[in-house]
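Just so you know, these numbers use all the heavy atoms, side chains as well, and skip hydrogens, waters and symmetry mates.
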Amino acid sequence: MDLVGIGVLLIGVAFLVLSIFLGRVLNNFASILVGIDKTVEQLPHQLDGILNETGNLIHNTNNSLADVNEKLGTLTPIFHIIGDVGESTRTMSSALMDATRSMKNKDSSATVEQQEKRLGGAYGVAALGYYALRKGKDARGKLDSGKRSHLYTEGEQRAFDIERMKEEAKEAAREGKYIREDVTNSN
């Protein structure tokens, strides 16, 4: 055997090894294609199931949205009422602010004598309230202790005391007795 024969033999062996290797690779590739074919055959059945579930999901979502829209339709009048109440409240508070502003302007333009008269009246009402409260507690204590026979007499006495306190408050207001020093000095 000469060198050409050995070279051809080596090329033949290499070709045989390459053929065996390519045969195994192609055989593996064929088994992969068979698996893909099985998967593709099952795909329409799986897609049908997925599409049915998707259709059910969309149907349930539409039902939920219809329910939410119905409930919002029920609540819409309540929101309108709340809006109307808010608007009424805003209007009323605006009117109260205007009235307060006008009273403040009137009060700032009042004379010292008018302010003293108002202050004396306020002190008189406070004194009257305090007196009535104290006498009310005393009267409850007396009523609880069984002295109900003097109820009319005590009522007349209280009325007299209230009138006396009113007169004292008017007199104190005229004299400026309850006016603080800083109020009189600022005017």
Side-chain angles (χ1 to χ4, degrees), residues 1-110 115 118-119 121-141 143-144 180 182-183 186:
M1 243 193 173
D2 60 349
L3 283 177
V4 172
I6 294 175
V8 170
L9 185 65
L10 282 176
I11 289 174
V13 170
F15 185 70
L16 179 66
V17 170
L18 182 65
S19 297
I20 291 171
F21 180 73
L22 282 176
R24 293 186 114 197
V25 169
L26 288 175
N27 193 16
N28 286 338
F29 187 67
S31 67
I32 290 173
L33 286 177
V34 168
I36 290 174
D37 186 41
K38 287 181 183 177
T39 304
V40 169
E41 283 177 11
Q42 293 174 356
L43 190 61
H45 299 293
Q46 291 175 347
L47 282 177
D48 284 342
I50 290 172
L51 290 175
N52 285 338
E53 288 298 319
T54 305
N56 289 338
L57 179 66
I58 290 172
H59 179 70
N60 290 337
T61 303
N62 285 338
N63 287 341
S64 297
L65 283 174
D67 187 40
V68 167
N69 284 335
E70 180 182 330
K71 289 178 180 172
L72 280 176
T74 305
L75 289 175
T76 300
I78 293 172
F79 291 135
H80 286 297
I81 290 170
I82 291 171
D84 291 344
V85 168
E87 182 64 26
S88 300
T89 305
R90 187 191 63 78
T91 304
M92 186 167 39
S93 65
S94 176
L96 285 174
M97 281 180 29
D98 292 342
T100 303
R101 234 183 257 128
S102 68
M103 288 181 68
K104 185 177 179 182
N105 290 340
K106 286 180 184 178
D107 189 43
S108 64
S109 65
Q115 289 177 352
R118 287 181 191 155
L119 189 60
Y123 283 130
V125 168
L128 178 64
Y130 177 72
Y131 180 77
L133 183 67
R134 283 201 59 197
K135 285 297 185 175
K137 285 182 183 178
D138 291 345
R140 271 185 255 128
L143 286 176
D144 291 341
R180 292 189 325 221
D182 58 340
V183 171
S186 65

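- Rounded to the nearest 0.5 Å, atoms CG (Leu22) and CZ (Phe29) are 13.0 Å apart.
- At a threshold of 4.5 Å between non-hydrogen side-chain atoms, the residues Asp67 and Asn63 do not count as touching.
- Interatomic distance, Ile20 CD1 to Phe15 CZ, rounded to the nearest 0.5 Å: 11.0 Å.
- Judged as a side chain to side chain donor-acceptor pair (under 3.5 Å), not a single pair has a partner in residues 15-44 (not counting sequence neighbours).
- Residue pairs that meet the side chain to side chain donor-acceptor pair (under 3.5 Å) test with at least one member in residues 72-89, sequence neighbours left out, are Glu87-Arg90.
- Taking 4.5 Å as the limit, every side-chain heavy atom of Thr61 sits out of range of all side-chain heavy atoms of Ile58.
- How far CG of Leu128 is from CG of Leu133: 11.0 Å, rounded to the nearest 0.5 Å.
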For this session: Dump the intermediate steps for side-chain contact (heavy atoms from CB on, under 4.5 Å) on Ile78 and Leu75, then the final yes or no.
Result: CA-CA 5 Å; Ile78 293 172; Leu75 289 175; 3.9 Å; yes
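- Atom CG of Leu47 sits about 6.0 Å away from atom CG of Leu51, to the nearest 0.5 Å.
- To the nearest 0.5 angstrom, Asp48 atom CG is 9.5 Å from Leu43 atom CG.
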